[in-house]
Amino acid sequence: MMRMLLMSLVSCLVAINEAKLISRCDLARVLHKEDLDRFEGYSLSDWLCLAFVESNFNLSKVNENADGSFDYGVFQINSHYWCNDHKSHSENICHEDLLSPDLLSTINCVKKIVSGAGGMKNWVAWRLHCAGRPLSYWMTGCHKE
C-alpha cells in the first residue's frame with residue numbers, strides 16, 4: 001500500500017515538473033508584442049482568461065478528448081478542427097508546432113482561428129467562463145512593455 005502511494009506521488013511530481021508554465025504577466029507581454037491586444041476585437045484580458053481556463057498557463061499541456069482528438073498548448077488548440085497531428089483528420093489550418101515554448105507558432109494559429117467564423121467562440125471554455133464578463137482584472141499588475 002505504501003509503495004503504491006509513493007509511486008503515485010512520484011508520478012505526480014514528474015508530471016508537475018514536465019509542465020512548462022508561463023506567468024500571467026509574461027504571457028500578456030508576449031501577446032502584446034505579437035499584436036494580439038484588440039486583434040479581431042479581443043483584449044489581452046480575453047486571451048489571458050482563455051489561457052487560464054484552458055491550460056492554467058501551461059505551454060506544454062496536451063489533453064486527449066473523448067472523440068480521439070487532442071488539445072495542444074496554452075490555448076488548447078484542437079487537432080480535430082485546427083491542426084493535423086497525424087492522429088486526427090483535419091484540414092491542418094495551423095501548420096504549426098503548438099507546443100513550442102516561444103509561442104510564435106501558437107500565436108500564428110490563434111490569429112487564424114479568431115479571424116474565421118466564430119472568433120473566440122470556437123473555445124467552449126471561453127464562452128462559458130470569459131465571454132460577456134468583466135475581465136480587466138486579468139491585467140492587474142502587468143505591464144505591456
Side-chain angles (χ1 to χ4, degrees), residues 5-88 90-145:
L5 182 60
L6 183 60
M7 286 176 57
S8 294
L9 179 62
V10 168
S11 296
C12 287
L13 291 175
V14 168
I16 290 169
N17 191 36
E18 291 177 9
K20 292 182 182 120
L21 302 177
I22 187 169
S23 77
R24 176 179 52 86
C25 291
D26 285 345
L27 181 58
R29 276 190 288 280
V30 171
L31 298 177
H32 177 72
K33 180 181 170 214
E34 297 303 323
D35 299 320
L36 277 175
D37 193 14
R38 295 281 147 221
F39 183 80
E40 297 291 336
Y42 297 103
S43 69
L44 287 178
S45 293
D46 281 303
W47 293 104
L48 294 174
C49 182
L50 174 64
F52 177 77
V53 299
E54 285 288 357
S55 71
N56 201 23
F57 304 118
N58 184 348
L59 302 176
S60 60
K61 183 174 180 184
V62 177
N63 181 56
E64 184 175 4
N65 299 301
D67 67 359
S69 67
F70 289 82
D71 297 332
Y72 293 99
V74 70
F75 296 115
Q76 291 294 276
I77 297 168
N78 184 268
S79 66
H80 180 73
Y81 298 104
W82 309 110
C83 62
N84 185 347
D85 60 1
H86 307 291
K87 297 175 187 169
S88 308
S90 74
E91 281 186 54
N92 202 19
I93 292 167
C94 287
H95 304 283
E96 306 287 349
D97 175 8
L98 300 174
L99 298 176
S100 174
D102 71 7
L103 284 176
L104 295 180
S105 298
T106 298
I107 290 169
N108 288 332
C109 184
V110 295
K111 283 181 174 180
K112 292 174 187 175
I113 294 170
V114 300
S115 294
M120 275 196 173
K121 291 178 185 171
N122 286 298
W123 284 273
V124 173
W126 182 82
R127 289 193 317 255
L128 295 175
H129 303 287
C130 308
R133 297 172 191 244
L135 300 175
S136 61
Y137 63 89
W138 284 104
M139 289 297 297
T140 302
C142 299
H143 304 285
K144 296 178 187 177
E145 305 298 324

To the closest 0.5 Å, what do you measure between CD1 (I22) and CG (L59)?
5.0 Å
Side chain to side chain, L48 and Y137, heavy atoms closer than 4.5 Å
no
Quick one: pull up CG in L21 and OG in S60 and give me the separation to the nearest 0.5 Å.
7.0 Å
Pair listing, disulfide (SG to SG under 2.5 Å) test, anchored in residues 29-82, at least two apart
C49-C130
Would a 4.5 Å heavy-atom cut-off, applied to side chains only, mark S43 and D46 as touching?
yes
Distance-only, no hydrogens or angles: does the T106 side chain make a donor-acceptor pair with backbone N or O of L98 under 3.5 Å?
yes
Non-neighbouring partners of F52 that pass side chain to side chain contact (heavy atoms under 4.5 Å, CB included), sequence neighbours left out:
N56, F57, W138
Does any non-hydrogen side-chain atom of N65 lie less than 4.5 Å from one of F70?
no
Just how far is it from atom CG of N78 to atom CG of D71, taken to the nearest 0.5 Å?
4.5 Å
Do the side chain of Q76 and the main chain of L50 share a donor and acceptor less than 3.5 angstrom apart?
no
Can you confirm if the NZ or CZ of K111 lies within 45° of the ring axis of F39 and under 6.0 Å from the centre of its six-membered ring?
yes
Heavy-atom side-chain contact between L44 and K144 under 4.5 Å
yes
Do the side chains of L36 and V30 get nearer than 4.5 Å, heavy atoms only?
no
Give, for atom NE2 of H129 and atom CG of L135, the distance between the pair rounded to the nearest 0.5 Å.
12.5 Å
So, taking the atom named CH2 in W123 and the one named CD in E54, what distance separates them when rounded to the nearest 0.5 Å?
8.0 Å
If you take all heavy atoms of W126 and V53, which pair is closest and at what distance?
N-CG2, 4.5 Å
Under a 3.5 Å distance rule, please check whether Y42 uses its side chain to pair with a backbone N or O of M120 as donor and acceptor.
yes
Kindly give the heavy-atom pair with the smallest separation between M139 and S45, and that separation in Å.
CG-OG, 3.4 Å
Spacing of H32 atom NE2 and R38 atom CZ [to the nearest 0.5 Å]
12.5 Å
Quick check: F75 with W47 (ring centres under 6.0 Å apart)?
yes
We want to know whether S55 and N58 form a side-chain donor-acceptor pair, criterion being a heavy-atom distance below 3.5 angstrom.
no
Would a distance-only check, ignoring hydrogens and angles, find a side-chain to backbone donor-acceptor pair under 3.5 Å from N108 to S105?
no
Begin with the C-alpha distance, continue with both residues' side-chain angles, and end with the deciding distance and a verdict on side-chain contact (heavy atoms from CB on, under 4.5 Å) for L31 and I107.
CA-CA 8 Å; L31 298 177; I107 290 169; 4.0 Å; yes
Is there a side-chain contact (heavy atoms from CB on, under 4.5 Å) between H143 and C25? Walk through the geometry before answering.
CA-CA 7 Å; H143 304 285; C25 291; over 6 Å; no
